[in-house]
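Chain naming here is simple, since letters A, B, ... match the order of the sequence lines and numbering starts at 1 in each.
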Number of protein chains: 2
Amino acid sequence: MKFFSDSCEIQCFNSEKVARVKENSLNSEEVLGLTEIFKTMGDGTRIKILHALSQEELCVCDLVEVLEMSQSAVSHQLRVLRNLRLVKHRKEGKMVYYSLDDEHIINLFAQGLAHIRHR
Amino acid sequence: MKFFSDSCEIQCFNSEKVARVKENSLNSEEVLGLTEIFKTMGDGTRIKILHALSQEELCVCDLVEVLEMSQSAVSHQLRVLRNLRLVKHRKEGKMVYYSLDDEHIINLFAQGLAHIRHR
DNA sequence: TCCTTATATGAATATGTATTCATATGTTCT
DNA sequence: AGAACATATGAATACATATTCATATAAGGA
């Protein structure tokens, strides 16, 4: 069955389906939240940092060595991860130790790897 | 006053830890693959598309209605999702029906939502 | 106190990307 | 064949963001 709308040139949609799907759609907070996490994990540097921290707690200079990147770049990305509460930190003298703040990250890795191996 | 350092100014890292972590680090393919998926999911429009498709198979104009966005914008994003093999499509006359290509996506949603609710 | 080291951060630059606009492709109907 | 519709796509624009550079902060040692 077809329906018409004069404001929009699209008229082929199935309005029952559309209503059903809209009913169950995510609210804007959920969309924003999901977008934020995935966007944060959608960067090679942050993926490497998170994966390293999934093994052990590390200080900034450990991470600099592991990633072979500048201290500044690593610090900037750690701030992003901190803001999203994906990592937490602990100060000891002049060193700052980082670790994962949420074990769900590990499951996200697992699912992500499962996907890329599935293709 | 500032002086020049020979090669690298970092010297505080724990080399045992670093070696251990480097040993277990992801290879570049895995990093690239994970980055790609998460980057792809790190956009509100694509999140909404994927979530809608996790409910039912839908044609492009259904999606246009559900998302209340232009047909062009939706098509562009569908192409991104198709390239990453996150969705598949089936043609029927002049309509094109899209659906999820990989059920791992649903688990990614679940983990992502678990994370944002955990905070 | 002065110097060195560990980390953080503002500004600038370079690169990526989402949407829009215009148009192309392909299908159905008359 | 021609018109109408569903979808796809190239180019342009606008906006976001990753890294670098320079410098700031903060802690420890001489």
Side-chain angles (χ1 to χ4, degrees), chain A residues 1-6 8-14 18 31-32 35-36 38-49 57-65 67-84 87-98, chain B residues 1-14 18 31-32 35-36 38-50 57-65 67-84 87-98:
Chain A
M1 64 192 106
K2 300 228 172 157
F3 295 87
F4 301 98
S5 74
D6 36 36
C8 175
E9 71 281 12
I10 296 286
Q11 42 201 261
C12 63
F13 64 93
N14 176 324
V18 168
V31 172
L32 220 65
T35 302
E36 256 186 347
F38 291 128
K39 188 179 293 184
T40 302
M41 295 188 71
D43 171 81
T45 299
R46 291 191 292 264
I47 284 284
K48 287 180 205 162
I49 292 176
E57 179 190 67
L58 296 168
C59 70
V60 177
C61 48
D62 288 337
L63 285 167
V64 166
E65 281 300 309
L67 303 200
E68 295 171 12
M69 289 182 61
S70 76
Q71 179 268 318
S72 182
V74 171
S75 266
H76 276 296
Q77 296 311 324
L78 283 169
R79 183 167 54 150
V80 174
L81 295 170
R82 238 165 41 216
N83 287 343
L84 264 281
V87 302
K88 62 188 170 193
H89 63 292
R90 161 177 87 75
K91 218 170 168 183
E92 192 174 299
K94 46 184 174 174
M95 322 267 286
V96 179
Y97 288 91
Y98 282 86
Chain B
M1 194 68 53
K2 213 169 167 201
F3 293 93
F4 299 105
S5 65
D6 35 40
S7 60
C8 176
E9 68 279 19
I10 297 287
Q11 41 202 267
C12 62
F13 63 94
N14 176 325
V18 168
V31 172
L32 219 65
T35 302
E36 256 185 348
F38 291 127
K39 189 179 293 185
T40 302
M41 296 187 72
D43 171 81
T45 300
R46 291 191 293 263
I47 283 284
K48 288 179 205 161
I49 292 176
L50 290 171
E57 179 190 67
L58 296 167
C59 70
V60 177
C61 49
D62 288 337
L63 286 167
V64 166
E65 282 300 310
L67 302 200
E68 296 173 13
M69 288 182 62
S70 76
Q71 179 267 318
S72 182
V74 171
S75 266
H76 276 295
Q77 296 312 323
L78 282 170
R79 184 168 52 151
V80 174
L81 294 170
R82 237 166 40 218
N83 287 342
L84 264 282
V87 302
K88 61 189 170 195
H89 63 293
R90 162 176 87 75
K91 216 168 167 184
E92 189 171 296
K94 46 183 173 175
M95 321 267 287
V96 179
Y97 289 92
Y98 283 85

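- Between B:C12 and A:C59, the two SG sulfurs stay at or beyond 2.5 Å from each other.
- Within residues 42-49 of chain B, no residue approaches DNA chain D, by heavy-atom distance under 4.0 Å.
- Axis angle between the ends of the helix from C:dT1-D:dA30 to C:dT30-D:dA1, five pairs each and rounded to 10 degrees, works out to 20°.
- Dashed line: the shortest gap from a side-chain N or O of A:R79 to OP1 or OP2 of D:dT17 is not under 4.0 Å.
- With sequence neighbours excluded, no residue forms a side-chain contact (heavy atoms from CB on, under 4.5 Å) with A:K94.
- Taking every side-chain heavy atom of B:R82 into account, D:dA8 is the closest of D:dA6, C:dA6, D:dA8.
- A:Y97 places its OH atom 11 Å from the C1' atom of C:dA6, with the value rounded to the nearest Å.
- Considering only the side chain of A:K91, D:dA26 comes nearest among C:dA8, D:dA26, D:dT9.
- For C:dA8, the OP1/OP2 oxygens have a side-chain nitrogen or oxygen of A:Y98 closer than 4.0 Å.
- Side-chain to base pairing of B:S72 with D:dT7: no donor and acceptor N or O lie closer than 3.5 Å to each other.
- Ranking C:dA8, D:dT7, D:dC21 by closeness to the A:Q71 side chain, first place goes to C:dA8.
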**Report entry** Worked verdict on B:R90 versus B:E57 for side-chain contact (heavy atoms from CB on, under 4.5 Å)
**Finding:** CA-CA 10 Å; B:R90 162 176 87 75; B:E57 179 190 67; 2.7 Å; yes

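- In this structure, the nucleotide among D:dT9, D:dT19, C:dA8 sitting nearest to the side chain of A:Q77 is D:dT19.
- Distances shorter than 4.0 Å separate none of the side-chain N or O atoms of B:R90 from OP1 or OP2 on D:dT7.
- You'll find a donor-acceptor pair under 3.5 Å spanning the side chain of A:H76 and the base of D:dT20, going by distance alone.
- Which of D:dA8, D:dT19, C:dA6 sits closest to the side chain of A:A73 comes down to D:dT19.
- Residues A:L78 and A:L63 form a side-chain contact, since some pair of their non-hydrogen atoms from C-beta on lies under 4.5 Å apart.
- To the nearest 0.5 Å, atoms NZ (A:K39) and CG (B:D43) are separated by 7.0 Å.
- Taking only side-chain atoms of B:K94, from C-beta outward, the nucleotide of C:dT19, C:dT17, D:dA6 with the closest atom is D:dA6.
- Sequence order on DNA chain D of the closest nucleotides to A:G93 and A:S70 puts A:S70 first from the 5' end.
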